[in-house]
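Presented below is the structure to which this report refers.
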Amino acid sequence: MASPNPSNDKSSQKAPAAKNESSITPRSVSYSDWYLDVIRQAELAEHSAVRGCMVIRPHGYSIWEKMQRELDDRFKATGHVNAYFPMFIPLSFLTREEQHAAGFAKECAVVTHHRLKAIDGVVQVDPDSKLEEPLVVRPTSETIIWNQYKNWIQSYRDLPLLINQWANVVRWELRTRLFLRTAEFLWQEGHTAHATEQEALEETAKMLDVYADFAQNVMAVPVIKGRKTPGERFAGALDTMCIEAMMQDGKALQAGTSHYLGQNFSKAADVKFLNREGKLEYVYATSWGVSTRLVGALIMTHSDDGGLILPPKLAPIHVVIVPIYRKDDEKERVFAEADKVKAELCAKGLTVKFDDRDNMQPGAKFYEWESKGVPIRIEIGPKDLDKGVLCLVRRFVLDQPGESVEDQRKRRKSFVPRAEAIEGIPTILAGMQKELYDRALAFRNSRTRIIDTIEDFERFFKQEGGGFAWVHWAGTGDDEDQMSKRFETTIRCIPLPDQIPSEAQGSGTCILTGKPSAQRVIMAKAY
RNA sequence: CGGGGCGUAGCGCAGUCCGGUAGCGCGCCUGCUUUGGGAGCAGGAUGUCGGAGGUUCGAAUCCUCUCGCCCCGACCA
């Protein structure tokens with residue numbers, strides 16, 4: 001499943017404790033192998049028979065469902081409603097907006113026929129079933145949605161129109177990676193229509209805030225809000241705002257975008273409304289989206305060499321109970337207690353799994369649930385029953401310098417009086433949620449530099465591992481390309497004013513051209 | 001589209017150079033013993049060797065064609 005060939009030199013570096021069972025390549029050996037191993041071991045997703053398309057397995061899909069719920073609640077709370085539009089877009093719709101069409105032209109799946117037929121005993125595309133107009137499988141839905149909005153919007157009283165869609169989209173990428181870039185992916189796309197530019201701009205910013213809030217408070221992933229340079233803008237947008245996160249290898253991941261589309265799409269679809277003054281005017285638009293790529297961001301932000309780590313707010317299972325027993329009478333007592341503990345925790349709104357499999361030893365269960373990222377494990381054995389305690393084991397504790405794996409394992413485990421344990425678990429989970437965020441933020445800070453010279457820039461990315469570089473920039477698009485060729489870095493975003501740390505504020509001179517620069521941008525290598 | 005790799009049991013692979021009864025590990029099934037950090041022993045089941053042609057007494061192996069996937073580049077959320 002992972003890389004077929006390098007397995008030889010890889011296996012020699014695997015954890016010595018692992019004997020027969022497949023394990024996870026340490027991050028220090030190969031970050032990309034580690035990423036794939038975590039996904040395989042946690043049973044999140046796998047490659048499908050279709051090139052570039054993944055199968056999202058139940059555990060991975062549960063995480064996505066949790067994300068959907070949290071996001072959807074936030075969309076509703078900001079006045080949006082859900083709807084659904086077709087996945088097929090007539091070619092002529094897509095080409096109505098020139099920039100947009102050009103931007104997606106190279107990655108479109110196109111439906112050209114509508115029927116199969118047995119020819120010489122072989123079932124194949126019936127050449128006689130050619131469509132008069134090809135249908136493009138949506139790479140994004142602006143054009144088909146705005147075609148419909150034309151019918152829905154006549155007056156300023158019809159505005160704003162605030163609609164979101166949960167859907168799949170297809171972008172025929174040549175290079176794919178599970179969750180991060182797949183030919184088909186799941187996402188949500190908001191498409192709003194407004195009477196004024198001001199209101200549309202506010203919507204664009206508001207939804208970016210929703211994404212940032214979700215990323216930081218639910219995913220525990222710190223992000224920087226900013227805008228893209230013209231070269232990195234969404235095809236057809238006047239302004240693209242984004243949130244950027246840093247992964248554990250120091251690379252940036254765009255975690256969400258919110259676009260101000262101006263009147264580009266309303267003009268393309270001819271959507272006008274009568275304003276209060278009785279004049280016809282084109283509608284102002286926004287669109288915004290996040291995708292299953294966020295699952296990849298989650299993995300790459302928090303997980304460790306033992307596998308997946310999930311923030312409790314997105315964990316499909318909060319607590320797993322592993323029973324320990326020898327004889328039948330022990331099993332009976334332990335199972336009865338496990339059922340009770342489970343019921344009491346469920347009553348607190350937690351999702352609890354009682355792992356009652358009899359064909360697997362406790363140790364094997366420990367490894368399995370840890371690699372799947374369950375935040376808390378409760379071991380229940382006869383000794384605990386006798387003492388009236390619960391054995392709580394956290395999925396992770398914060399690293400202490402020089403600590404051995406064994407010592408850390410001990411520190412993750414605690415024996416707590418039963419009532420106190422059950423009462424305290426929600427607090428522990430909340431603490432873990434916060435620790436994950438703080439840890440990720442501390443990591444990002446440790447890999448962030450304010451850089452003023454090309455020499456320092458080069459040293460940062462070529463010798464010090466790289467990360468986020470705050471640099472002054474006043475270059476052109478060509479200058480950006482030059483930086484990209486030399487250092488494999490791009491401008492991730494022009495941070496919003498309130499995102500800039502005090503030491504990075506103020507004007508200066510462009511790191512490449514020496515021209516005056518009003519503010520710093522973030523440069524990084526990116527996924 | 002260029003370069004590389006790989007298709008053999010559910011998964012991971014050996015066997016291919018040099019043609020001769022289809023193998024290994026894990027997993028799976030049965031039984032017994034185990035169970036607080038990846039269990040042990042014994043027995044058992046599992047294959048259109050990616051597909052199609054060809055050479056041959058005989059093809060996983062040689063030849064031709066073909067399909068697919070993965071990795072590296074160009075393109076991208």
Side-chain angles (χ1 to χ4, degrees), chain A residues 1-8 10-11 14-24 30 32-33 36 40-41 46-53 103-108 122 139-140 169-189 228 232-235 240 242-244 252-259 287-294 296-297 306 322-328 330-331 334 357-371 377-384 391 393 405-406 409-410 412-413 415 485 488 490 526-527:
Chain A
M1 182 63 41
S3 46
N5 278 326
S7 57
N8 282 338
K10 196 174 77 179
S11 55
K14 277 177 182 170
K19 287 192 284 274
N20 295 323
E21 54 289 317
S22 49
S23 63
I24 296 169
S30 164
S32 55
D33 282 344
L36 292 170
R40 177 177 42 76
Q41 201 75 7
E46 57 196 30
H47 293 287
S48 72
V50 183
R51 193 200 72 88
C53 295
F104 287 102
K106 279 179 278 185
E107 48 191 61
C108 287
V122 181
T140 178
V169 286
V170 169
R171 296 182 187 177
W172 211 260
E173 302 289 352
L174 303 177
R175 297 265 292 107
T176 58
R177 292 189 76 189
L178 291 176
F179 288 116
L180 296 180
R181 178 167 293 109
T182 45
E184 180 196 22
F185 55 94
L186 307 183
W187 79 345
Q188 61 64 219
E189 45 182 329
K228 290 294 186 187
E232 298 267 335
R233 242 175 231 155
F234 175 75
T240 288
C242 62
I243 50 173
E244 294 285 329
L253 186 79
Q254 180 176 305
T257 47
S258 184
H259 315 290
S287 70
W288 28 274
V290 296
S291 71
T292 37
R293 169 180 254 206
L294 290 181
V322 177
I324 316 278
Y325 54 88
R326 287 187 173 78
K327 303 280 160 50
D328 279 352
E330 283 181 355
K331 178 176 174 179
V334 166
R357 288 175 293 181
D358 203 17
N359 57 347
M360 199 186 243
Q361 290 196 307
K365 293 180 182 177
F366 299 166
Y367 278 100
E368 175 175 330
W369 293 115
E370 281 175 15
S371 73
R377 173 175 76 244
I378 301 179
E379 301 172 17
I380 300 181
K383 292 183 214 163
D384 310 306
C391 172
V393 187
V405 177
E406 282 309 311
R409 189 176 272 176
K410 276 180 200 151
R412 285 167 40 209
K413 185 180 272 201
F415 294 87
K485 287 210 175 71
E488 296 177 311
T490 49
Y527 277 97

Just checking [X]: base, sugar-phosphate only, or nothing, at a heavy-atom cut-off of under 4.0 Å?
X       : answer
L180(A) : base
K365(A) : nothing
P323(A) : nothing
Y325(A) : base
G103(A) : nothing
F185(A) : base

Tell me the partner of [N], counting only Watson-Crick (N1-N3 plus N6-O4 or O6-N4) or G-U wobble (N1-O2 and O6-N3) with both under 3.5 Å; none if nothing fits.
N      : result
C17(B) : none
G2(B)  : C72(B)
U64(B) : A52(B)
A9(B)  : none
G58(B) : none
G38(B) : none

Tell me whether [X] contacts the main-chain N or O of [Y] through its side chain, where contact means a donor paired with an acceptor under 3.5 Å.
X       : Y       : result
R171(A) : P139(A) : yes
Q188(A) : V290(A) : yes
T240(A) : K228(A) : no

For [X] and [N], what is the distance between atoms [atom1] and [atom2] respectively, to the nearest whole Å?
X       : N      : atom1 : atom2 : value
E379(A) : G38(B) : CD    : P     : 12 Å
Q254(A) : C75(B) : CD    : P     : 17 Å
I380(A) : U35(B) : CD1   : C1'   : 16 Å
M360(A) : A39(B) : CE    : P     : 8 Å
E184(A) : A77(B) : CD    : C1'   : 14 Å
W172(A) : A77(B) : CH2   : C1'   : 17 Å
E46(A)  : G10(B) : CD    : P     : 15 Å
E406(A) : G37(B) : CD    : C1'   : 8 Å

Minimum-distance nucleotide (side-chain atoms of [X] versus [options]):
X       : options                : value
A364(A) : A39(B), A77(B), G37(B) : A39(B)
Y367(A) : A77(B), G38(B), U35(B) : G38(B)
R293(A) : G38(B), A77(B), G36(B) : A77(B)
T182(A) : A77(B), G37(B), G36(B) : A77(B)
L174(A) : A74(B), G36(B), A77(B) : A74(B)
K413(A) : U35(B), G37(B), C75(B) : G37(B)

Would you mind reporting whether [Y] and [X] have side-chain heavy atoms less than 4.5 Å apart?
X       : Y       : answer
R293(A) : Q254(A) : yes
F104(A) : T140(A) : yes
P382(A) : K327(A) : no

Show me the protein contacts with nucleotides 27-34 of chain B, counting only N or O atoms at under 3.5 Å.
residue: U34(B); atom: O2; partner: Q361(A); partner atom: NE2; Å: 3.4

Worksheet item: For RNA chain B, whose closest nucleotide is more 5', that of P362(A) or that of K106(A)?
Response: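 With P362(A) and K106(A) compared, the 5'-side residue is P362(A).
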Fill in: C391(A) vs R177(A), nearer the 5' end of RNA chain B by closest nucleotide
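With C391(A) and R177(A) compared, the 5'-side residue is C391(A).
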Worksheet item: By salt bridge (Lys or Arg N to Asp or Glu O under 4.0 Å), which residues pair with K413(A), not counting sequence neighbours?
Response: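 Listed in chain order: E379(A).
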Discussion item. Can you list everything that forms a salt bridge (Lys or Arg N to Asp or Glu O under 4.0 Å) with R357(A)? Sequence neighbours excluded, please.
Written reply: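 By the salt bridge (Lys or Arg N to Asp or Glu O under 4.0 Å) rule, R357(A) matches D355(A), E368(A).
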If the [atom1] atom of [N] is compared with that of [M], how far apart are they to the nearest Å?
N      : M      : atom1 : result
A42(B) : G38(B) : C1'   : 22 Å
G23(B) : C49(B) : C1'   : 12 Å
G51(B) : A60(B) : C1'   : 14 Å
C6(B)  : A14(B) : C1'   : 14 Å
A59(B) : C63(B) : C1'   : 11 Å
U48(B) : G44(B) : P     : 22 Å
U55(B) : U61(B) : P     : 15 Å
C65(B) : G3(B)  : P     : 16 Å

Practice prompt. For R412(A), check side chain to side chain donor-acceptor pair (under 3.5 Å) against everything at least two apart and list the hits.
Written response: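 Side chain to side chain donor-acceptor pair (under 3.5 Å) check on R412(A) returns E370(A).
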Worksheet item: Do E368(A) and G38(B) share a donor-acceptor pair, side chain to base, under 3.5 Å?
Response: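 Answer no: no donor N or O sits under 3.5 Å from an acceptor.
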Worksheet item: With sequence neighbours excluded, what pairs up with F185(A) under the ring-ring contact (aromatic ring centres under 6.0 Å, His included) test?
Response: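 W187(A).
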Worksheet item: With sequence neighbours left out, what residues match W369(A) under ring-ring contact (aromatic ring centres under 6.0 Å, His included)?
Response: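 With sequence neighbours excluded, W369(A) shows a ring-ring contact (aromatic ring centres under 6.0 Å, His included) to no residue whatsoever.
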Worksheet item: G73(B) phosphate, OP1 or OP2: any side-chain N/O from R175(A) under 4.0 angstrom?
Response: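 Yes, because at least one side-chain N or O of R175(A) sits under 4.0 Å from OP1 or OP2 of G73(B).
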